[in-house]
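Values reported hereafter were calculated over all heavy atoms of this structure, with side chains retained and with hydrogens, waters and symmetry mates removed. In this chain, residues are counted from 1 in sequence order.
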Amino acid sequence: SLFTKSDPISNAGKVKINSENIYQAYSKAFGINIGEWSNMITKIMNKEKDLDLVDWLRQYSEEKDEQYIRGFLGKMLFTGEEVHKKCNVLSGGEKVRCMLSRAMLQNPNLLILDDPTNHLDLESITALNSLMDYKGTILFSSHDHEFVNTIANRIIEIRPKGIIDKLSTFDEYLSNESVEQLRAQLA
């Protein structure tokens, strides 16, 4: 299933992902600024092992001021001297938090997140739930029931014979009898 938190204004159109250059193509064609994070993208950080977190994040920012960069790291719970940790010593959860800091720094109007709560502790997941205040659209997949129920306001379930698309919370979606009937028909 895909879960979204949709901005009604930017909710028009269809996206068909069929190219490795999807981000550049949609940015140019539709004026979409895409921020993305996936489990695979944390491998980037392993290649930049000599950089500390401030320098790593600074390379993605037009504003180079350290306090500005530290603000984005702080939103993902990196405080004090933690911001000077080297990329190659980070845990999986810390890498995830860095990638989310990078996505926020880019100020996108569309976020694409692949299982963003993987490797995060409870405190980090709570910080991630701040995406409820995000004004753009979030397209995400997740195995975290509470995260989905907190963030999603639209559920898109891809079935073998069709798609179910409902504006609702995840719990409402799961308890909806008409959805159960649709799921059986589209199995």
Yes or no on side-chain contact (heavy atoms from CB on, under 4.5 Å) for L57 and L73, after CA distance, side-chain angles and deciding distance?
-> CA-CA 8 Å; L57 191 57; L73 290 168; 3.8 Å; yes
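- Ring to ring, F140 and F147 are close: their centroids are under 6.0 angstrom apart.
- Contacts classified as salt bridge (Lys or Arg N to Asp or Glu O under 4.0 Å) and involving residues 159-171 (residues at least two apart or in different chains) are given here: R154-D165, E157-R159.
- Annotation: side chain of L174 is in contact with side chain of H145 (closest heavy-atom distance under 4.5 Å).
- Minimum heavy-atom separation, V54 to E66: CG1-CG, 3.8 Å.
- Closest approach of P116 to S141, counting heavy atoms only: CD-O, 3.5 Å.
- Contact annotation: the side chain of E172 never approaches that of N176 to less than 4.5 Å [non-hydrogen atoms, C-beta and beyond].
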Working for side-chain contact (heavy atoms from CB on, under 4.5 Å), residues I138 and L113 = CA-CA 7 Å; I138 305 169; L113 306 173; 3.9 Å; yes
Checking side-chain contact (heavy atoms from CB on, under 4.5 Å) for the pair T169/N153: CA distance, chi angles, key distance, verdict?
-> CA-CA 5 Å; T169 67; N153 61 11; over 6 Å; no
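- From D115, atom CG reaches atom CG of D144 across 8.5 Å, with rounding to the nearest 0.5 Å.
- Distance check: E94 CD to M76 CE gives 13.5 Å after rounding to the nearest 0.5 Å.
- Here the side chains of F170 and T150 are not in contact, with every heavy-atom distance at 4.5 Å or above.
- Atom CZ of F72 and atom CD of E63 lie 9.5 Å apart (nearest 0.5 Å).
- Atom CG of L122 is separated from atom CD1 of I125 by 6.0 Å, given to the nearest 0.5 angstrom.
- Taking all atoms of both residues into account, the shortest heavy-atom contact from L51 to W56 is CD1-CA, 4.0 Å.
- Hydrophobic cluster membership differs between L53 and L77, with clusters built from Ile, Leu, Val, Met, Phe, Trp and Tyr side chains linked at under 4.5 angstrom.
- No side-chain heavy atom of P160 sits under 4.5 Å from any side-chain heavy atom of L186.
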Please lay out, stage by stage, how L90 and C98 fare under the test side-chain contact (heavy atoms from CB on, under 4.5 Å).
-> CA-CA 10 Å; L90 298 177; C98 284; 3.9 Å; yes
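- Going from atom CD of E62 over to atom CG of N107 covers 11.0 Å, rounded to the nearest 0.5 Å.
- Atom-to-atom distance recorded for R102:CZ and I69:CD1 is 12.5 Å, nearest 0.5 angstrom.
- When all heavy atoms are compared, the tightest approach of C87 to D52 is SG-O, 4.4 Å.
- A distance-only check finds a donor-acceptor pair linking the side chain of D65 to the backbone of Y68 [under 3.5 Å].
- Both tests hold for R97 against F78: distance to the six-membered ring centre under 6.0 Å, angle to the ring axis within 45°.
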